[in-house]
A.B. asks: 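This is the structure I have questions about; it appears just below.
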Amino acid sequence: MRQEEPEKKARIWQVVNQIPEGKVASYGQVARLADLPGYARYVGHVMKNLPPKSRIPWFRVLRSGGRIAFPKQSEAWKRQKALLEQEAVKVSDGRVSMGRHQWQP
DNA sequence: ATCATGACCCCAA
DNA sequence: TTTGGGGCCATGA
């Protein structure tokens, strides 16, 4: 049989888990690093359904250009902003400077 | 099988 | 900068 879906999810978790503190990556970047080019959207789906207890740093994953993937001013938006600033990642107007914080393995 | 829905990406106006 | 449209993938009705 072929249930490789859980396998993809696992690889994505692994990649996100490797993003070091103070660094960030985009959904597309995570997808590529997980050897799943084109799965940016799926990465978002996976982040949304993370086990409640999971310690995976989902907040270090942003949209292309370093924009937070939540409606501006929403609760989730504020939460992610806070978590990032907590690691000294500057977030101005809901965006972080990828040039300075993007993770490069 | 088709249709709609997302924590997406990219490019042209 | 914002908006629209096309392309993406998996999931659920």
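Lettering follows sequence order; numbering is per chain, from 1. None of these values were measured; they are calculated from a predicted model.
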A.B. asks: Rounded to the nearest Å, what distance is computed from the CG atom of residue A:Leu33 to the P atom of nucleotide B:dC8?
C.D. replies: 18 Å

A.B. asks: Of A:His101, A:Arg60, A:Lys23, which is the lone residue that meets side chain to side chain donor-acceptor pair (under 3.5 Å) with A:Glu87?
C.D. replies: A:Arg60

A.B. asks: Has A:Gln80 got a side-chain atom pairing as donor or acceptor with A:Val61's backbone, closer than 3.5 angstrom?
C.D. replies: yes

A.B. asks: Report the nucleotide, chosen from C:dT1, C:dA10, C:dT11, that has the shortest atom-to-atom distance to any side-chain atom of A:His45.
C.D. replies: C:dT11

A.B. asks: The criterion is salt bridge (Lys or Arg N to Asp or Glu O under 4.0 Å); which residues satisfy it with A:Arg11, sequence neighbours excluded?
C.D. replies: A:Glu7

A.B. asks: How many whole angstroms separate atom CE of A:Met98 from atom C1' of B:dC9?
C.D. replies: 12 Å

A.B. asks: Could you work out the separation of B:dA7 and C:dG6 based on their P atoms and round it to a whole Å?
C.D. replies: 22 Å

A.B. asks: Under 3.5 Å, which protein N or O atoms sit close to an N or O of nucleotides 10-13 of chain B? Give each pair with its distance.
C.D. replies:
none

A.B. asks: Would you mind reading off the distance between A:Met47 atom CE and B:dG6 atom P, rounded to a whole angstrom?
C.D. replies: 18 Å

A.B. asks: Of the candidate nucleotides C:dA10, C:dT1, B:dC8, which contains the atom at the shortest distance from the side chain of A:Lys8?
C.D. replies: C:dA10

A.B. asks: Check each residue of residues 66-79 of chain A for a non-hydrogen atom within less than 4.0 Å of any atom in DNA chain C, then write out the ones that pass by number, or none.
C.D. replies: none

A.B. asks: Test of understanding: with side-chain contact (heavy atoms from CB on, under 4.5 Å), list the residues that count as partners of A:Ala82, not counting sequence neighbours.
C.D. replies: none

A.B. asks: What's the gap between C:dG12 and B:dA1 when it is taken at their C1' atoms, as a whole Å value?
C.D. replies: 14 Å

A.B. asks: Could you check whether A:Glu85 pairs with A:Lys81 (Lys NZ or Arg NE/NH1/NH2 to Asp/Glu carboxylate O, under 4.0 Å)?
C.D. replies: yes

A.B. asks: Do any N or O atoms of the protein come closer than 3.5 Å to N or O atoms of nucleotides 3-7 of chain C, and which pairs are they?
C.D. replies:
| unit_1 | atom_1 | unit_2 | atom_2 | d |
| --- | --- | --- | --- | --- |
| C:dG7 | O6 | A:Arg41 | NH1 | 3.4 |

A.B. asks: Have a look at A:Arg60 and say if it touches a base, only the backbone sugar-phosphate, or nothing, with a 4.0 Å heavy-atom cut-off.
C.D. replies: nothing

A.B. asks: Taking DNA chain B as the partner, which of residues 18-31 of chain A come within under 4.0 angstrom of it by heavy atom?
C.D. replies: A:Ser26, A:Tyr27, A:Gly28

A.B. asks: If I take atom CG from residue A:Leu50 and atom CH2 from residue A:Trp58, how far apart are they, to the nearest 0.5 angstrom?
C.D. replies: 9.5 Å

A.B. asks: Nearest 0.5 Å, please: how far is CZ in A:Phe59 from CD1 in A:Ile68?
C.D. replies: 11.5 Å

A.B. asks: Parallel under 30°, tilted from 30 to 60°, perpendicular over 60°: which one fits the rings of A:His45 and A:Tyr42?
C.D. replies: parallel

A.B. asks: Take the protein atom OH of A:Tyr42 and the nucleotide atom C1' of C:dC9, then report the distance between them rounded to whole Å.
C.D. replies: 9 Å

A.B. asks: Rounded to the Å, how far apart are A:Ile12 CD1 and B:dG6 P?
C.D. replies: 19 Å

